[in-house]
Amino acid sequence: MAKKKTKCIGILTAGGDCPGLNSAIRGVAKAAMHYGIKVIGIQDGFRGLVENRFTSLDERAVSGILTLGGTILGSSRDKPHKMLMGDNIMDMTGVAVANAKEMQIDCLVCLGGNGTQKNAYKLSQAGLKIITLPKTIDNDVWGTDVSFGFDTALNIATDAIDRLHTTATSHHRAIVCEIMGHDAGWLALGAGIAGGADVILIPEIPYNLNSVAEHLHNRRRQGKRFSIIAVAEGVRSVEEIEAAKEKPKNEKKKESENNLTNADGYALVQEPTASRIARKLQQLTGIDARVTSLGHVQRGGSPSATDRLLCTRLGTTVGELLVASNYNVMVAVKGDTCKAVPLEEIAGKKKLVPENHHWINCGKLVETCFGDTL
Ligand code: F6P
């Protein structure tokens, strides 16, 4: 039997926003329209699908948004299978599927990070046809070389490190710069190398503060009177990891209940780790230390040229997949091409920095300390 032609798609953006979402919406919508497919926008991620909040995306609506930061559709971290409805958490999968069908959406295009890939996969299992794109400044989506949003954030964080260099040099200080990335170190690692940070701490390499202090001392001995320490928000010291292993489970639960986190368990208060590192380094070295937490600045503003190009490539590939009726896949970047990877291969996985990654070896060869050796 011939495959049914795609006549109408819905697009939503879910999870934390990032520069490039609008460029990707434009790429998907324009390519779909090129092939005669109607495009419907869904507001505020999966919540909009459950609450029937749709908007028409015609040629005019997606014109002039290539360079615009944020997302014209709005975003949320809501999951269809576990959604807060009033005071209750409910499984709204059935409603999401029914609403999409009611709107005659043949394929739901979801732009998001790891959480979105998982939610989209679940909806595909519940009967919706899905295509996803990999979006996140964390660059930790499994199955793709790179995610959109990463390059822009990398430029912002690198620029921040450049600026911190000049002030750290004037005052002979150590400056700890906290960089986003959730549990992955890609952003801190990339920006740290590009900005010439003297120390880079990432979650994939448990750090030892004495080793960092020793590196700062050595720099002083060599007449280098400033140091920049790039710290990924998810870092943990060797001692913290050991202590966590020994803690009884109920104590861990109590601790996390007391922490301020968002719906996905991301820390809302991001300052303490970097502050703690700065305070301890000052104690260990006697060097005047300061902290800068880049926070959501990394997710704001216009996408870089690289991200605009990437989003247009990824978005327009969706158009081609729609015509080929190739569903339940994520469009991944593989070298110079975009490839469809089955959602079931991606859902629930995370791409962390491998221990022997080329970027780490490069950093070591330019004398960057990763906090791992004494
Ligand atoms: O996943 C993107 C990200 O920016 C992470 O780097 C960070 O931990 C998290 O989102 C912050 O989430 P929110 O915007 O909900 O505070």
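Counting starts at 1 for both ligands and their atoms, in listed order. Because the structure is predicted, anything quoted here is derived from the model rather than measured. By convention here, the first residue in the shown sequence is residue 1.
For ligand 1 and Glu233, the ligand atoms under 4.0 Å from any heavy atom of the residue are 5 (C), 6 (O), 7 (C), 8 (O). Close approach of ligand 1 to Arg77 (heavy-atom distance below 4.0 Å) involves ligand atoms 9 (C), 10 (O), 11 (C), 12 (O), 13 (P), 14 (O), 15 (O).
Ring geometry for Trp359 against Phe150 counts as parallel: the plane angle stays under 30°, on a 0 to 90° scale with 60° as the upper cut.
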Step-by-step side chain to side chain contact (heavy atoms under 4.5 Å, CB included) determination, Leu284 to Val212 = CA-CA 10 Å; Leu284 288 168; Val212 178; over 6 Å; no
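Comment: Asp17 engages Arg299 in a salt bridge, judged by a side-chain N to carboxylate O separation of less than 4.0 angstrom.
Some N or O of Gly181 is nearer than 3.5 Å to an N or O of ligand 1, by distance alone.
With a 6.0 Å cutoff to the six-membered ring centre and a 45° limit on the axis angle, Arg219 counts as a cation-pi contact of Phe226.
Note on ligand 1: Gln298 sits outside its first shell, no heavy atom being nearer than 4.0 Å.
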